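Reviewing the structure listed below.
In this text, all values refer to a predicted model and were calculated from it rather than measured experimentally. Each chain gets a letter, A, B and so on, in the order its sequence line appears, and its residues count up from 1.
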There are 2 protein chains.
Amino acid sequence: MIAHMSRPATHRATLDDVARAAGVSRSTASRVIAGYGPASAATRDRVVEAAGQLGYAPNPAARALVTGTGFRLVVAVVGATPDVLHDPYVDRVVSTAASMCAPHDVGVSLRWLSLNAPSDLYAMASDPSVHSVLLVNTTQAVLDAVPARLLGRVVSIGVGSPQVPGFDVDNGGAAAATLAHLYDSGRRRIAMVTGPQWMPCTHRPVESYLAAMRAAGLPARSVEGDFTVASGRTGMAEVLHRWPDTDAVFAGSDAMALGALAVLRERGVDVPGDIAVAGFDDVPFAALSAPALTTATHPVEEIAAGAVTALMAGSRVPPATAYASRLVLRESA
Amino acid sequence: MIAHMSRPATHRATLDDVARAAGVSRSTASRVIAGYGPASAATRDRVVEAAGQLGYAPNPAARALVTGTGFRLVVAVVGATPDVLHDPYVDRVVSTAASMCAPHDVGVSLRWLSLNAPSDLYAMASDPSVHSVLLVNTTQAVLDAVPARLLGRVVSIGVGSPQVPGFDVDNGGAAAATLAHLYDSGRRRIAMVTGPQWMPCTHRPVESYLAAMRAAGLPARSVEGDFTVASGRTGMAEVLHRWPDTDAVFAGSDAMALGALAVLRERGVDVPGDIAVAGFDDVPFAALSAPALTTATHPVEEIAAGAVTALMAGSRVPPATAYASRLVLRESA
DNA sequence: CTGTTAGCGCCTTCAA
DNA sequence: TTGAAGGCGCTAACAG
């Protein structure tokens with residue numbers, strides 16, 4: 001009858017409180033809450049009930065401390081310089097992760113990973129606050145450098161490896177579909193402005209392009225860009241310079257396609273009359289350009305969600321998951 | 001001489017290790033590491049040296065457990081529905097926070113806060129994993145509902161209150177500058193497509209608009225939008241319908257301005273010849289539209305950085321900080 | 001199936 | 001200025 005009142009009114013229910021209320025030991029309460037070990041249906045109910053009554057929620061810090069499990073999902077973007085962090089795609093990945101991890105009491109950190117990453121990866125591997133790592137735009141070298149202690153809690157958005165599951169859009173298929181459309185609408189002198197060679201995500205679209213040209217008996221005309229608007233401009237200019245009779249341009253990103261469109265507009269070239277332009281990504285503004293950009297979708301949020309789900313579940317997943325891209329026909333091609 | 005080797009080679013240095021190496025007690029080591037209590041210069045050096053040698057880094061979980069300090073910065077976006085989370089601005093805020101908090105071992109969570117928020121805010125206040133809260137797009141009602149236990153670790157991007165520091169762009173000033181430019185270039189029948197009334201960030205630009213019109217002895221022509229491209233289109237259409245002689249439109253966001261531009265293009269209206277269009281935000285695509293959009297900058301990353309810095313420092317900051325906006329003159333106005 | 005015991009790594013009174 | 005001791009909330013062996 002004599003309540004102690006030793007705790008302030010704002011006290012947050014602790015496992016001890018739940019155990020006491022349910023008339024069991026802390027361990028037992030812990031087991032049913034964590035969902036682990038054995039427990040009779042009766043006790044289970046009592047504990048659950050008590051927990052509900054008290055509005056109990058486990059303290060993640062305490063749990064992390066004892067289990068060694070971390071509480072931060074680190075989004076590690078691979079690149080030559082930290083500038084790679086300033087990118088709308090990265091933002092979308094981080095945002096998706098931050099909202100999906102919230103219910104698990106896991107926060108998200110964003111950092112740059114230099115191309116010669118090993119030391120940083122090892123630091124993450126032994127950092128007790130790190131729950132898991134989401135690699136973005138990674139390379140084979142980085143994948144190979146992933147320490148054993150990190151395996152099972154690393155996934156990649158982009159290329160994967162036997163050890164590190166990869167989640168990516170089917171950009172090879174997207175490129176093929178786009179090129180097929182260009183070909184089917186009568187284009188025969190098709191150029192491509194590619195992404196940077198060092199990025200693995202550039203390879204498949206380029207291969208698709210080369211394969212399509214070869215299959216059609218057409219010469220390849222490709223120019224390297226870096227996914228930016230500026231490189232789309234210079235790339236387009238170079239294409240016009242080297243192959244003046246070009247009648248279609250496939251850009252590896254919408255940003256580059258928009259840059260190309262700008263150059264064409266400045267020079268009074270009719271799109272798609274004289275030259276068709278297609279991009280890749282379907283960014284929000286693709287629908288607003290003049291002419292509206294034909295492009296293929298890139299379901300970044302979906303991909304990120306898949307990767308994060310795998311990380312939170314901690315379960316084994318297939319080494320590679322490809323997300324479908326859909327061709328969106330607008331005015332430019 | 002007899003080393004125990006009781007710990008695996010991969011063992012991470014602990015405070016105990018540091019203390020032992022420095023020949024002091026844990027408490028002493030703790031004090032100098034945390035930078036708190038007293039310590040003689042000599043011991044301080046020894047501890048620091050030992051920590052460096054061992055590559056010691058405190059375990060945030062242990063620290064959080066004992067201090068009650070959380071380890072997640074929660075970005076809480078206020079709105080009618082969870083859809084408010086899918087927004088490029090939110091993405092940029094989250095991303096900035098995620099990269100700034102990383103060095104502090106603090107992760108970022110993203111969540112929606114309904115307009116009648118009190119219960120959620122209280123939950124956050126007593127959640128031991130929550131380090132601090134960054135309110136986005138908040139309202140006065142939400143600000144008033146912030147629990148006392150959260151004060152000192154909440155800031156707002158947008159409106160603030162005496163209790164909750166606000167960080168925002170000077171959108172009133174931006175609107176004034178834009179309208180001045182419109183007026184100075186001879187426009188006299190200037191309409192505005194505003195943001196939604198319920199959003200506090202809509203108020204100042206609207207006030208600036210009304211003030212400018214009043215000062216110039218011009219009638220106000222305003223239509224309500226919701227910051228989206230679609231509402232820019234309908235808003236523009238409505239303006240043309242109600243005031244066919246309009247010669248300039250000021251949109252509260254670039255997205256709306258771009259929507260307006262699309263309508264004008266479809267109807268063959270010359271921009272800026274017949275109607276000048278100005279936006280606000282200076283999104284990346286603003287430079288690429290045809291005609292290129294005249295708009296005012298919105299330094300989202302800077303604002304977010306300011307807010308996050310305040311949160312991480314935990315120190316008192318002025319109740320309101322306004323970030324300057326700069327008018328970017330392009331072709332549309 | 002359940003309770004007891006022993007920490008996880010750190011901070012923080014308290015004495016010395 | 002320093003050290004000893006206790007405990008934050010939880011899980012994970014162990015006994016029973």
Go through the side-chain N and O atoms of A:Ser126 and B:Arg12 and say whether any donor and acceptor fall under 3.5 Å apart.
no

Enumerate all atom pairs, one protein N or O and one N or O from nucleotides 12-16 of chain C, separated by less than 3.5 Å.
residue, atom, partner, partner atom, Å
C:dT12, O4, B:Ser27, OG, 3.4

* To do: Respond yes when some side-chain nitrogen or oxygen of B:Thr43 is under 4.0 Å from OP1 or OP2 of D:dT2, and no when none is.
  => yes

Under 4.0 Å between a side-chain N/O of B:Arg63 and OP1 or OP2 of C:dC10, yes or no? no

A:Pro165 vs A:Thr321 side-chain heavy atoms within contact, under 4.5 Å: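 No, every pair of side-chain atoms sits at 4.5 Å or beyond.
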
Worksheet item: Of the nucleotides D:dG9, D:dT1, D:dT11, which has the atom closest to the B:Leu65 side chain?
Response: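 From the listed options, D:dG9 comes nearest.
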
Proximal nucleotide (of D:dT2, C:dC11, C:dC10) relative to the B:Asn59 side chain: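 Shortest atom-to-atom distance from the side chain points to C:dC10.
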
Problem - Sugar-phosphate, base or nothing in reach of B:Pro58, heavy atoms under 4.0 Å - result: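 Touches sugar-phosphate only.
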
- Identify whether any heavy atom of B:Leu15 sits under 4.0 Å from a base atom; if not, whether one sits that close to sugar-phosphate; answer base, sugar-phosphate or nothing. sugar-phosphate

Would you kindly give the [atom1]-to-[atom2] distance between [X] and [N], to the nearest whole Å?
| X | N | atom1 | atom2 | result |
| --- | --- | --- | --- | --- |
| B:Phe71 | D:dC8 | CZ | P | 18 Å |
| A:Arg20 | C:dG3 | CZ | C1' | 15 Å |
| B:Asp16 | D:dG3 | CG | P | 13 Å |

Could you walk me through whether B:Tyr89 and B:Val136 pass side-chain contact (heavy atoms from CB on, under 4.5 Å), step by step? CA-CA 10 Å; B:Tyr89 291 92; B:Val136 174; over 6 Å; no

If we check side-chain contact (heavy atoms from CB on, under 4.5 Å) with A:Met124, which of these qualifies: A:Val74, A:Val154, A:Val146?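 Of the listed options, the one satisfying the test is A:Val74.
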
Under the criterion side-chain contact (heavy atoms from CB on, under 4.5 Å), which of B:Val75, B:Asp120, B:Leu85 is the partner of B:Arg111?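 The passing option is B:Asp120.
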
Open item on the list: On DNA chain D, compare the nucleotides closest to B:Ser40 and A:Tyr56; which residue's is nearer the 5' end?
Closed with: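 Its nearest nucleotide being more 5', the pick is B:Ser40.
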
message: Assess the residue pair B:Leu110 and B:Val77 against the criterion (side-chain contact (heavy atoms from CB on, under 4.5 Å)); give the C-alpha distance rounded to whole Å, side-chain angles, the decisive distance to 0.1 Å, and a yes or no.
response: CA-CA 8 Å; B:Leu110 173 60; B:Val77 185; 3.8 Å; yes

